[in-house]
Number of protein chains: 2
Amino acid sequence: MAETRWLDEHEMAAWQGFLEATSRVSRHLEQQLKDDAGLSHPQYEILVRLAAAPDGEVRMTELAEGLFTSKSGLTYQVGQLEKRGLVTRRSCPTDVRGVLAVLTPTGRRTLREAAPGHVAAVRASLIDVLDEEELTVLARALGRVGSRLRPDGAAGPVGPPAP
Amino acid sequence: MAETRWLDEHEMAAWQGFLEATSRVSRHLEQQLKDDAGLSHPQYEILVRLAAAPDGEVRMTELAEGLFTSKSGLTYQVGQLEKRGLVTRRSCPTDVRGVLAVLTPTGRRTLREAAPGHVAAVRASLIDVLDEEELTVLARALGRVGSRLRPDGAAGPVGPPAP
DNA sequence: GGCCGTCGGTTCGAATTTGAACTACATGTC
DNA sequence: GACATGTAGTTCAAATTCGAACCGACGGCC
């Protein structure tokens with residue numbers, strides 16, 4: 001292994017900015033959702049995915065992937081939502097092992113009530129803080145960062161070899 | 001409250017990219033640190049801050065602010081580090097209430113061994129994935145996002161009122 | 001000098017997250 | 001068809017996180 005390439009000032013600023021922004025934004029939104037809708041962020045995301053799916057139902061595994069969370073974590077959160085009547089489970093018709101999480105009418109209503117406040121908070125804390133160029137660059141750059149870390153190894157081109 | 005301004009496709013891409021990138025990067029680095037050095041990310045950050053401070057000691061509250069974590073969370077993590085002999089506590093000479101976390105020689109050595117691998121992982125997952133322009137824009141944009149959410153209300157100019 | 005509101009840290013209990021079993025089923029191969 | 005291997009989801013214990021309650025100490029003020 002060659003000498004360590006430490007981060008220069010510029011890179012360090014980006015890294016620290018990333019850390020601070022992600023911490024604060026996620027904390028802020030978590031708080032907003034809890035206060036205004038009594039939902040955690042994972043729970044909100046579950047409702048969103050279900051609402052967007054045909055018949056409002058999605059396989060557990062598919063949900064877990066979309067949430068970037070572990071299988072057991074998802075089981076827990078769906079359990080919480082089920083307790084509150086926002087979601088139901090039914091077994092998958094084409095695979096006996098499978099389970100579908102299903103959005104209930106109450107769940108759909110809860111989401112409809114929570115969404116405007118949450119979107120407003122996302123805008124206030126992130127989206128509307130960026131100008132047009134920043135938004136574009138950020139989407140492109142972070143999209144690449146995220147996709148390269150996907151487990152399926154969608155690493156794509158590693159980029160040109162160092163000159 | 002006016003009509004909700006939903007996110008358009010462009011904004012949604014940025015938001016989703018942000019969510020995915022933050023999830024995956026933090027998960028990836030957490031894993032790398034645990035595997036290679038037996039440290040959690042908060043623990044690593046504590047060691048870094050201590051190593052950078054004169055005499056390797058920092059007040060608890062100051063540490064908590066730097067880590068964007070709660071006071072109790074910090075107490076816990078410093079406790080863990082203390083158990084492993086990487087950190088000691090001593091009471092602050094100028095304020096009886098205060099506590100200083102102090103880096104031990106073992107702690108300093110542990111950090112020195114962990115740092116190269118961690119920096120490499122930060123590069124591989126984020127920094128080296130960005131080109132020069134992206135790095136600059138990201139530092140600027142996320143820096144602004146983070147600072148606006150600081151509790152001290154360093155909100156700065158909110159920007160021109162909507163036209 | 002004594003009081004009052006605030007600060008610095010810890011402790012506590014509750015909620016959440018994770019990875020490692022574990023069960024039950026699906027799938028491909030011969 | 002039977003078997004080996006992999007997949008879907010849950011359960012479990014352990015670790016971590018948060019906020020609220022708490023205690024002792026500080027500081028300003030009368």
Side-chain angles (χ1 to χ4, degrees), chain A residues 22-35 37-46 57-84 87-102 151-152, chain B residues 19 22-24 26-35 37-46 57-84 87-102 151-152:
Chain A
T22 60
S23 282
R24 295 211 192 278
V25 168
S26 84
R27 193 183 271 281
H28 179 70
L29 293 180
E30 193 78 37
Q31 196 59 52
Q32 179 271 325
L33 275 173
K34 197 86 73 188
D35 291 346
L39 293 168
S40 68
H41 192 250
Q43 287 170 357
Y44 179 85
E45 279 298 320
I46 291 171
E57 49 185 33
V58 177
R59 285 288 288 271
M60 293 295 274
T61 296
E62 195 180 335
L63 267 182
E65 284 164 5
L67 294 188
F68 321 123
T69 188
S70 63
K71 291 180 301 172
S72 52
L74 182 74
T75 295
Y76 175 77
Q77 288 297 359
V78 169
Q80 294 302 106
L81 289 172
E82 200 172 16
K83 268 196 216 163
R84 294 177 42 186
V87 158
T88 307
R89 278 179 233 236
R90 76 182 188 93
S91 78
C92 175
T94 70
D95 185 339
V96 186
R97 298 169 303 173
V99 172
L100 291 163
V102 189
D152 66 358
Chain B
L19 284 181
T22 61
S23 283
R24 294 210 192 279
S26 85
R27 193 182 273 279
H28 179 70
L29 293 179
E30 193 78 36
Q31 196 59 51
Q32 179 271 326
L33 276 173
K34 197 85 74 185
D35 290 346
L39 294 169
S40 68
H41 193 251
Q43 287 170 358
Y44 178 86
E45 281 297 320
I46 291 171
E57 49 185 33
V58 177
R59 285 288 288 270
M60 295 294 275
T61 297
E62 196 179 335
L63 268 181
E65 284 164 5
L67 294 187
F68 322 122
T69 186
S70 63
K71 292 181 299 173
S72 52
L74 183 74
T75 295
Y76 175 78
Q77 288 296 358
V78 169
Q80 295 301 105
L81 289 172
E82 200 171 17
K83 269 196 216 164
R84 294 178 43 186
V87 158
T88 307
R89 279 180 233 237
R90 77 184 187 91
S91 77
C92 175
T94 70
D95 185 339
V96 187
R97 298 170 300 176
V99 172
L100 291 163
V102 189
D152 67 0

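Chain letters run A, B, ... following the sequence lines, proteins first, then strands; residues in each count from 1.
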Check: Hey, does B:Gln43 reach any base, or is it just sugar-phosphate, or nothing, if we go heavy atoms under 4.0 Å?
Finding: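 No contact.
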Check: Which part of the nucleic acid, if any, lies within contact of A:Gly98, taking any heavy atom under 4.0 Å across all strands shown: a base, the sugar-phosphate backbone alone, or nothing?
Finding: sugar-phosphate
When you compare the protein's N or O atoms with those of nucleotides 2-5 of chain C, which come within less than 3.5 Å of each other, and at what distance?
none

Closest heavy-atom contact between [X] and [Y]?
X	Y	result
B:Lys34	B:Ser40	NZ-CB, 3.9 Å
A:Arg27	B:Ser70	NH2-N, 4.0 Å
A:Glu30	A:Pro42	OE2-CD, 4.2 Å
A:Val102	A:Arg90	CG2-CG, 4.0 Å
B:Val87	B:Ala101	CG1-CB, 4.3 Å
A:Arg59	A:Cys92	NH1-SG, 3.4 Å

Rounded to the nearest angstrom, tell me the gap between atom [atom1] in [X] and atom [atom2] in [N].
X	N	atom1	atom2	answer
A:Leu39	C:dA15	CG	C1'	15 Å
B:Lys83	D:dA14	NZ	C1'	12 Å
A:Glu30	D:dG19	CD	C1'	13 Å
A:His41	D:dT17	NE2	C1'	18 Å
A:Glu45	C:dT16	CD	P	16 Å
A:Tyr76	C:dA20	OH	P	21 Å
A:Lys34	D:dA20	NZ	P	12 Å
B:Arg89	C:dG8	CZ	C1'	12 Å

Item checked: Worked check of side chain to side chain contact (heavy atoms under 4.5 Å, CB included) between B:Gln77 and B:Leu81 -> CA-CA 6 Å; B:Gln77 288 296 358; B:Leu81 289 172; 5.6 Å; no
Notebook entry, point to check: Given the rule in the side chain to side chain contact (heavy atoms under 4.5 Å, CB included) test, do A:Thr61 and A:Leu74 qualify, once you have shown the distances and angles that lead to the verdict?
Noted result: CA-CA 9 Å; A:Thr61 296; A:Leu74 182 74; over 6 Å; no
Margin query: Check this for me: does the side-chain of A:Thr75 come within 3.5 Å of the base of D:dG9 through a donor and an acceptor?
Written below: no
Note to self: Using a strict heavy-atom distance below 4.0 Å, which residues from residues 57-71 of chain B are in contact with DNA chain D?
What the structure shows: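 Within this stretch, B:Thr69, B:Ser70 sit under 4.0 Å of the strand.
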Margin query: Donor-acceptor check, side chain of A:Thr75 to backbone of A:Lys71, threshold 3.5 angstrom: yes or no?
Written below: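 Looks like yes, one N/O pair under 3.5 Å.
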Next item on the list: List the steps and the verdict of side chain to side chain contact (heavy atoms under 4.5 Å, CB included) for B:Leu19 and A:Glu45.
Entry: CA-CA 11 Å; B:Leu19 284 181; A:Glu45 279 298 320; 4.1 Å; yes
Notebook entry, point to check: Mind checking whether A:Leu100 and A:Arg89 have side chains closer than 4.5 Å, heavy atoms only?
Noted result: no
Note to self: Would you say B:Gln80 places a side-chain N or O within less than 4.0 Å of OP1 or OP2 belonging to D:dT16?
What the structure shows: yes
Next item on the list: Ignoring backbone atoms, establish whether B:Gln31 has a side-chain N or O less than 4.0 Å from OP1 or OP2 of C:dT18.
Entry: no
Pairs: protein N or O with nucleotides 23-28 of chain D N or O, under 3.5 Å:
residue, atom, partner, partner atom, Å
D:dC26, OP1, B:Val96, N, 3.4

Next item on the list: Decide side chain to side chain contact (heavy atoms under 4.5 Å, CB included) for A:Gln31 and A:Asp35; before the verdict, give the C-alpha distance in whole Å, the side-chain angles of both, and the deciding distance to 0.1 Å.
Entry: CA-CA 6 Å; A:Gln31 196 59 52; A:Asp35 291 346; 3.1 Å; yes
